[in-house]
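Reckoned from all heavy atoms, side chains included, excluding hydrogens, waters and symmetry mates. Residue numbering restarts at 1 for every chain, and letters A, B, ... go by the order of the sequence lines.
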2 protein chains.
Amino acid sequence: MARRSNQLDVQCQFCKAKGGSHFADLNEEELTILSSHKSCVGYKKGQTLFYEGTRPMGIFCINRGKVKVYKMGSNGREQILFIAQPGDFLGYRSMLSEEFYGASATVIEPAAICFIPKSDFLTILNSNPRFFSKLMKAVCHELGVMEDKLAQIAQKSVRERLASTILMLKETYGMEGEGSDVIDIALSREDLANIVGTATETVIRLLSEFKSDGMIGLEGKRIKVLDVNALVHEADFYA
Amino acid sequence: MARRSNQLDVQCQFCKAKGGSHFADLNEEELTILSSHKSCVGYKKGQTLFYEGTRPMGIFCINRGKVKVYKMGSNGREQILFIAQPGDFLGYRSMLSEEFYGASATVIEPAAICFIPKSDFLTILNSNPRFFSKLMKAVCHELGVMEDKLAQIAQKSVRERLASTILMLKETYGMEGEGSDVIDIALSREDLANIVGTATETVIRLLSEFKSDGMIGLEGKRIKVLDVNALVHEADFYA
DNA sequence: CCAAAAACATGACTTTTATCATGTTTTGCT
DNA sequence: AGCAAAACATGATAAAAGTCATGTTTTTGG
């Protein structure tokens, strides 16, 4: 069998990212089915897994790296819906609703990503009701999260949303340091703006303000959280 | 068995709203299970089915009327997530993700609504894989719709969102008239603002503008769509 | 390693939208 | 019917955020 130069040898059975994923409690046999026709490829920053409006052919499972999932607006600006990390699946939602992709997915940190053809995935899904239930639960949870984000964007100011986004990033990517947590994700200011739902300049300005107020520290792209409480207050969590 | 004064006798087998609902192709036996412990009650405008933060005990199935589903913001303003109509279920999403309700549901037009206890609903769900699949598909679709709304709110102006909301309402509640379609739903300006995600005054002002531009007509709460193309243009659908 | 491109940063200005104030109309209730 | 409350409407003003212009720094590719 021909091999693409950057084809990687990642078997589901031994995947380190599996632990936290929905695949966590499939049995050996099922993992073998998953592995049988799958391919795993290295992706560079900026490469796109799939585009909005195209037909899903299978699911992407992230082994390493980070991927932004976003919709393109008529003004050319992206709205980032979420950032996927190792263990996450991508593309199964559209596959299950039998629709075209509603969003695009592009790598933002060098990644290793497996592709599992639709048919293999559906085979597992139909033969394992517990897996199906688990996925259902996950989708229901996701819907709740998305509703939360909608309400936040509709009702909070850009300042509040930025503060709350920084806190959310800290929860997910925060690395314990001495006293301060460094957020271990290389987001451009533009990407950050596209998560928050605002203009790049506005994010840059607010970050400077947060910095001079001593709430965060900036080391290039990396954001250091210096004063969690102040950020929580800024995000208006309890008001 | 004691009967509450406004208890209604609605049997799932003969429910007119069933046709368009997820219950459409359950068999007689399953419908009997559904009916067995269910109650169906009349609700007046303003009555609340459930509150954000409480525990789901079953699902609500709308037989007649309209219900707004919304989240409360810290500023006291509601963000309406969607409006449910006859045939829709409410509350199953939180039940399946085993979380508290993430939103509240309040009647906006006099309604008849059935309540099916959690256990009965889960019985059907576990015994009928096709029904489960259908629901999964619906949730996946809903998630796509919600992502769409998020991107719209994040990227479009209030003016564009109002135009697009009016068009959406026309699709769902439009009644064919002579030349113009009347939107058959009695939304207060405040509710409309809470769908669009803006202040009530802003909606009122923009509606006046749309009216003097000849795009819509206003007869009390009812909105008449006079020029669909102009609204589509205003909503910036193709730009 | 160097040049070009991309990302970051800041100022000036404009537009959009929220907020506050006030008055009018409609609705609901007894 | 009549009164109170809610909803609707409009103006004035302020605040928030977007846009444009321009310069600096960082990153990237040959």
In whole angstroms, how far is the [atom2] atom of [N] from the [atom1] atom of [X]?
X        : N      : atom1 : atom2 : answer
B:Glu190 : C:dT27 : CD    : P     : 16 Å
A:Leu162 : D:dA16 : CG    : P     : 15 Å
B:Arg189 : D:dC8  : CZ    : P     : 6 Å
A:Arg222 : D:dT27 : CZ    : P     : 11 Å
A:Ile153 : D:dA16 : CD1   : P     : 19 Å
A:Leu192 : C:dA7  : CG    : C1'   : 14 Å
A:Glu219 : D:dT26 : CD    : P     : 13 Å
A:Ile223 : C:dA7  : CD1   : P     : 16 Å

Considering only NZ, NE, NH1 and NH2 on the basic side and carboxylate oxygens on the acidic side, decide whether [X] and [Y] come within less than 4.0 Å.
X        : Y        : result
A:Arg161 : A:Glu234 : no
B:Lys68  : B:Glu109 : no
A:Arg159 : A:Glu209 : yes
B:Glu142 : B:Arg93  : no

#### Entry: Donor-acceptor contact present, side-chain A:Lys71 to main-chain A:Ile80, <3.5 Å
no
Tabulated below should be each protein N or O lying under 3.5 Å from an N or O of nucleotides 13-23 of chain C; please produce it.
unit_1: C:dT17; atom_1: OP1; unit_2: B:Val158; atom_2: N; d: 2.8
unit_1: C:dA18; atom_1: OP1; unit_2: B:Thr198; atom_2: OG1; d: 3.1
unit_1: C:dA18; atom_1: OP2; unit_2: B:Thr198; atom_2: OG1; d: 2.4
unit_1: C:dA18; atom_1: OP2; unit_2: B:Ala199; atom_2: N; d: 3.4
unit_1: C:dA18; atom_1: OP2; unit_2: B:Thr202; atom_2: OG1; d: 2.8
unit_1: C:dT19; atom_1: O4; unit_2: B:Arg205; atom_2: NH2; d: 2.9
unit_1: C:dC20; atom_1: N4; unit_2: B:Glu201; atom_2: OE2; d: 3.2

#### Entry: Selection: residues 207-218 of chain A, any non-hydrogen atom under 4.0 Å of DNA chain D
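Residues of residues 207-218 of chain A under 4.0 Å from DNA chain D: none.
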### Query
Taking the inter-plane angle between the rings of A:Tyr101 and A:Phe50 on a 0 to 90° scale, is it parallel (under 30°), tilted (30 to 60°) or perpendicular (over 60°)?
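Answer is parallel, since the angle falls under 30°.
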#### Entry: Donor-acceptor pair between B:Ser188 and B:Glu190 side chains, under 3.5 angstrom
no
### Task
Please lay out, stage by stage, how B:Ile108 and B:Leu187 fare under the test side-chain contact (heavy atoms from CB on, under 4.5 Å).
CA-CA 8 Å; B:Ile108 56 171; B:Leu187 280 179; 3.9 Å; yes
### Message
The criterion is side chain to side chain contact (heavy atoms under 4.5 Å, CB included); which residues satisfy it with B:Val182, sequence neighbours excluded?
### Response
B:Arg222, B:Lys224
### Message
With a 4.0 Å cutoff (strictly under), does any side-chain N or O of B:Lys221 reach OP1 or OP2 of C:dT26?
### Response
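So the side-chain polar atoms of B:Lys221 never come under 4.0 Å of the phosphate oxygens OP1 or OP2 of C:dT26.
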